Amino acid sequence: MPYMGIARTNLGPLQTYRMILDELSKRGFRIGFSKHHWAGDMPFGLVLAETDRGMVAVRWSLGKSFELRIEEIDEDAFEDFVEETLDYIGGD
């Protein structure tokens, strides 16, 4: 089953991307491929990772410090989460 995550960060997009991947690794996810979506004028983004435990999508936004919550969800909820986030980032 896929995973959905919500992250808060006080870092820039590139550092946040790295921090999310590092945190996933610490939690036992082995990452095979990942990508990061964000728009320069928006204070949030989406990290997608293919892992040995399934797909992971993490939506991040600005906060006072770094924190990450993840949970296992069903495939339909995962697809909706990713689609809604990408639509919003893309301005659709």
Side-chain angles (χ1 to χ4, degrees):
M1 302 233 348
Y3 292 82
M4 175 195 87
I6 301 293
R8 295 282 185 200
T9 183
N10 58 341
L11 306 169
L14 185 56
Q15 295 96 344
T16 297
Y17 176 54
R18 289 181 182 147
M19 186 72 105
I20 289 170
L21 296 180
D22 287 346
E23 187 63 29
L24 289 173
S25 293
K26 288 177 189 174
R27 296 182 187 195
F29 291 88
R30 284 187 298 209
I31 299 162
F33 176 78
S34 64
K35 58 185 173 177
H36 187 193
H37 300 272
W38 84 92
D41 58 344
M42 294 183 190
F44 67 89
L46 179 70
V47 173
L48 295 170
E50 293 177 6
T51 77
D52 61 330
R53 293 167 53 185
M55 288 296 296
V56 179
V58 178
R59 181 187 300 160
W60 63 265
S61 62
L62 292 179
K64 293 183 181 189
S65 62
F66 182 82
E67 62 183 76
L68 173 63
R69 293 181 293 124
I70 59 173
E71 64 183 84
E72 194 171 17
I73 58 174
D74 67 50
E75 189 69 38
D76 290 336
F78 179 84
E79 294 298 328
D80 289 344
F81 179 77
V82 170
E83 184 177 323
E84 289 171 9
T85 304
L86 289 175
D87 285 349
Y88 194 73
I89 290 171
D92 293 343

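This is a predicted model, so every value here is computed, not measured.
To the nearest 0.5 Å, the span separating OG on S25 from CD1 on I20 amounts to 12.0 Å. The CG atom of L21 sits 11.0 Å away from the OG1 atom of T16 when rounded to the nearest 0.5 Å.
Counting heavy atoms from C-beta outward, H37 and L48 have side chains that approach closer than 4.5 Å. A heavy-atom distance below 4.5 Å is not found between the side chains of T9 and M19. Side-chain contact between W60 and L68 is absent, with no heavy atoms from C-beta onward closer than 4.5 Å.
In the hydrophobic clustering of ILVMFWY residues, with side-chain heavy atoms under 4.5 Å counting as a link, W38 and L24 come out together. Both I70 and F66 belong to a single network of hydrophobic side chains, linked directly or stepwise wherever heavy atoms of I, L, V, M, F, W or Y lie under 4.5 Å apart. Taken together through direct or relayed side-chain contacts under 4.5 Å among Ile, Leu, Val, Met, Phe, Trp and Tyr, V47 and M4 form parts of separate hydrophobic clusters.
Listed by first then second residue, pairs satisfying salt bridge (charged side-chain N to carboxylate O under 4.0 Å, His left out) with a partner in residues 2-18 number zero, not counting sequence neighbours. Sequence neighbours left out, the pairs with a member in residues 21-38 that pass salt bridge (charged side-chain N to carboxylate O under 4.0 Å, His left out) are E23-R27, R30-D52. Among residue pairs with one or both ends in residues 2-26, those qualifying as ring-ring contact (aromatic ring centres under 6.0 Å, His included) are Y3-F29, Y17-H36; sequence neighbours excluded.
Nearest approach of L11 to L62, heavy atoms of both residues: O-CD2, 4.1 Å. Here the shortest heavy-atom pairing between I89 and L46 reads CD1-N, 4.0 Å. When all heavy atoms of I31 and A49 are compared, the closest pair comes out as CG2-CB, 4.3 Å.
Here I6 pairs with R59, R69, F81 under the side-chain contact (heavy atoms from CB on, under 4.5 Å) rule; sequence neighbours left out. Remark: E50 engages F33, M55 in a side-chain contact (heavy atoms from CB on, under 4.5 Å) (not counting sequence neighbours). Shown here are the side-chain contact (heavy atoms from CB on, under 4.5 Å) partners of D74, two or more places apart in sequence or in another chain: M1, D76, A77.
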